[in-house]
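As a basis for the values below, the full set of heavy atoms in this structure was taken, side chains included, without hydrogen atoms, waters or symmetry mates. Quick note on labels: first sequence line is chain A, next is B, and so on, each numbered from 1.
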Amino acid sequence: MADITKRSEDYSRWYQDVIREAELADNSPVRGCMVIRPNGYAIWENIQATLDKRFKELGHVNAYFPLLIPKSFLAKEAEHVDGFAKECAIVTHHRLKQVTRDGKVDLIPDPDSKLEEEYIIRPTSETVIWDMYRKWIQSYRDLPILINQWANVMRWEMRTRMFLRTTEFLWQEGHTAHATEKEGRDETLQMLETYRWFAEDILAMPVITGTKTANERFAGAVETFSIEAMMQDNKALQAATSHDLGQNFAKAFDVKYQPAEGKVDYVWATSWGMSTRIVGSLIMVHSDDDGLVLPPKIAGTKAVIVPIWKSDEEKAAVCEAAQKLAAELRPVIGPVHIDDRDNLRPGWKYSEWERKGVPLRLELGPRDLAGESVMLKARHDRAKNIVPFADVVAGVQAELDRIQQDLYDRAKQRMVENTHVIDSWDQFTDLFENKDGGFAMAHWCGDGTCEQTVQDKTKATIRNIPFERDETKGECVHCGNESIGRVVFAQGY
RNA sequence: CGGGGCGUAGCGCAGUCCGGUAGCGCAACGGCUUUGGGAGCCGUGGGUCGCAGGUUCAAAUCCUGUCGCCCCGACCA
């Protein structure tokens with residue numbers, strides 16, 4: 001069996017190896033696109049289920065807007081065009097024509113089917129949605145609108161990486177409309193907090209919440225907020241964003257409402273999203289040289305039972321016990337798999353389920369049966385525990401809780417250890433050029449040109465201006481001017 | 001789009017410099033023995049050598065073109 005490259009040898013190759021070995025995804029015939037395999041899709045389904053439930057608890061409803069967007073829509077919001085025009089796929093024809101060339105049948109776009117107005121494949125849906133909101137909103141009684149959609153989008157990237165940046169990806173995009181500026185801002189921050197909760201409590205991925213700088217703001221937003229996580233190679237990854245769109249889209253699409261009192265005004269907007277990219281970060285935060293590691297709360301399979309036997313009699317007894325255990329566990333912890341394949345030995349099965357990231361393994365052989373107990377083995381730290389049958393549900397539940405917490409603690413500790421207070425340009429360049437990188441908490445003057453220069457010199461960008469930070473003024477780490485306080489610099493994905 | 005690397009069996013690779021008609025490990029299939037950390041032995045099947053041209057008696061190997069993947073840039077989040 002093919003081995004997995006060690007993280008220390010080649011991080012990027014390790015990442016690809018883990019995806020292949022855990023059967024999360026495969027390359028597609030189309031450049032830059034990926035096939036998400038059942039093991040990978042199960043993770044995404046759990047992400048969807050958990051987030052969707054939470055969104056609905058917060059009053060949101062789901063809807064679906066079309067994949068194709070009239071080209072003219074994109075042009076309506078000046079900054080938005082600027083941000084996305086360069087990476088749009090365009091539909092120009094609606095029919096193919098068979099032609100024969102050198103005796104071979106080929107298909108070409110039928111010149112007679114050229115579209116009068118061309119369509120773009122959505123890179124995001126603000127424009128279609130706001131075109132519809134114009135029709136749906138007349139008065140303050142129509143507000144707020146709190147719509148979310150689960151969809152695919154396309155951004156024609158030059159360089160792609162599995163999950164992290166693919167030409168087509170899956171995501172949810174929330175689009176809300178409000179009567180007041182404050183309501184819009186509150187919604188933006190509430191959704192950012194939702195993402196923080198999801199990343200930390202469900203994915204066991206510690207994040208830094210904060211405001212994006214003007215340079216990094218979403219095209220068309222007044223303010224963009226993000227959660228930023230640290231990967232095991234010390235690079236940062238933006239795990240989700242939430243945008244306060246102000247009245248920019250309302251103005252571009254002429255969406256006005258009649259307030260209870262006073263004159264007609266433009267409505268206030270937000271949008272927020274999390275994509276399949278989060279699966280990439282999940283892989284990179286927790287996994288090790290043996291393969292995928294997943295926190296129990298998001299794993300498709302929570303536990304696998306490996307029955308061990310020699311004779312047919314033992315097989316029957318052990319498998320029956322495994323069925324009983326699984327039946328007890330499933331209603332409490334969720335999916336439990338029994339691996340009773342008889343063509344593989346237990347050792348093979350152990351390593352296979354380890355590669356695939358199942359958080360907990362239950363080993364059940366004749367010795368366990370005799371002792372009326374089962375052996376638990378945790379994926380992430382290899383800890384063994386023997387639990388009596390009588391306590392198995394509580395024991396497994398406790399172990400899953402411990403794994404979840406441990407993964408968070410481990411990731412948090414790594415983030416803390418690799419976050420440095422940096423006070424000079426020498427230290428700054430040393431960190432990113434000679435040392436291991438990580439997060440640099442450094443003073444910044446607030447100037448975008450200065451920020452860009454730092455990026456050009458070191459590849460480090462301002463990930464965000466953290467909510468919780470040292471606001472004491474100082475000297476900008478690069479230009480020496482008075483700072484707005486410390487911000488997080490890091491090299492990012 | 002620029003620089004570098006790589007495409008040979010399901011996976012990982014050797015063979016390419018120096019042309020002679022394709023091999024190794026794992027996996028698969030059959031059999032026997034096995035089964036508490038990647039089982040052993042015997043046997044079997046599987047590849048238009050990324051694709052298309054060209055040179056040659058002969059091309060995985062040399063030449064040209066092309067497609068794809070990976071890394072570094074540019075681009076993007």
Donor-acceptor pair present, A/R20 side chain and B/G12 base, under 3.5 Å: no
Gap in Å between the two P atoms, one belonging to B/G45 and one to B/A59, rounded: 26 Å
Atom pair distance, as rounded to whole Å: CH2 in A/W14 and P in B/C71: 14 Å
Sugar-phosphate only, base, or nothing, as touched by A/T241 at under 4.0 Å among non-hydrogen atoms: nothing
Closest to side chain of A/R165, choosing from B/G37, B/C76, B/G36: B/C76
Cationic N near anionic O, under 4.0 Å, A/R382 to A/D290: yes
A/R355, A/R379, A/R7, A/R410 screened by salt bridge (Lys or Arg N to Asp or Glu O under 4.0 Å) with A/D288, the one that passes: A/R379
d(CD, A/E228; P, B/A77) in whole Å: 13 Å
P spacing across the pair B/G43 / B/C63, given as an integer number of angstrom: 41 Å
Euclidean distance for C1', B/C67 against B/U55 (whole angstrom): 23 Å
Nearest-Å distance for atom pair CD1/P, residues A/I308 and B/A39: 13 Å
Touch class at under 4.0 angstrom, heavy-atom based, for A/E354 against every strand present: base
Integer-rounded Å distance: B/C11 C1' and A/W348 CH2: 10 Å
Check: A/M154 and A/P123 side chains under 4.5 Å, non-hydrogen atoms: no
Sugar-phosphate, base or nothing in reach of A/G273, heavy atoms under 4.0 Å: nothing
Counter-base of B/U56, judged by Watson-Crick or G-U geometry with both distances under 3.5 Å: none
CA sep, side-chain torsions, deciding dist, call: A/F249, A/H80, ring pair (Phe, Tyr, Trp, His ring centres under 6.0 Å): CA-CA 9 Å; A/F249 282 90; A/H80 200 64; 5.0 Å; yes
Selected nucleotide, minimal atom distance to A/R13 side chain, candidates B/U35, B/G12, B/A77: B/G12
Nearest-Å distance once atom C1' is located in both B/U8 and B/C69: 15 Å
Sugar-phosphate only, base, or nothing, as touched by A/K349 at under 4.0 Å among non-hydrogen atoms: nothing
Atom pair distance, as rounded to whole Å: CG in A/D312 and P in B/U34: 13 Å
A/S351 side-chain N/O to B/G37 phosphate OP1/OP2 under 4.0 Å: no
Between P of B/G36 and NZ of A/K315, the distance in whole Å: 15 Å
Identity of whatever pairs with B/U66 - Watson-Crick or G-U, under 3.5 angstrom: B/G50
A/T429 side chain to A/T458 side chain, donor-acceptor N/O pair below 3.5 angstrom: no
Below 4.0 Å: OP1/OP2 of B/C76 and any side-chain N or O of A/R155: no
Nearest-Å distance once atom P is located in both B/G19 and B/A58: 15 Å
Gap between atoms CG and C1', on A/D233 and B/C71 respectively (whole Å): 14 Å
Distance between C1' atoms of B/G5 and B/U48 (Å, rounded): 26 Å
Separation between the P atoms of B/G30 and B/C49, rounded to whole Å: 30 Å
Complementary nucleotide of B/A14, counting Watson-Crick and G-U pairs under 3.5 Å: none
Rounded distance in Å between the P positions of B/C17 and B/A60: 12 Å
Residue met sooner reading RNA chain B from 5', once A/N343 and A/R463 are mapped to nucleotides: A/N343
Sugar-phosphate, base or nothing in reach of A/E216, heavy atoms under 4.0 Å: nothing
A/R355 side chain, from C-beta outward: closest of B/G37, B/C76, B/G38: B/G38
Watson-Crick or G-U wobble partner of B/A22, both distances under 3.5 Å: none
Residue mapping more 5' on RNA chain B - nearest nucleotide basis, A/D368 or A/N27: A/D368
Sugar-phosphate, base or nothing in reach of A/K384, heavy atoms under 4.0 Å: nothing
Nearest-Å distance for atom pair CG/P, residues A/L344 and B/G36: 12 Å
Taking every non-hydrogen atom, the tightest pair across A/M162 and A/A25: SD-CB, 4.0 Å
Short side-chain N/O contact from A/R159 to OP1 or OP2 of B/C76, under 4.0 Å: no
Sugar-phosphate only, base, or nothing, as touched by A/R161 at under 4.0 Å among non-hydrogen atoms: sugar-phosphate
Salt-bridge criterion met for A/D17 and A/R20 (N-O under 4.0 Å): yes
Base-pairing mate for B/C32 - Watson-Crick or G-U, with both contacts under 3.5 Å: B/G40
salt_bridge(A/E193, A/R196) N-O dist < 4.0 Å: yes
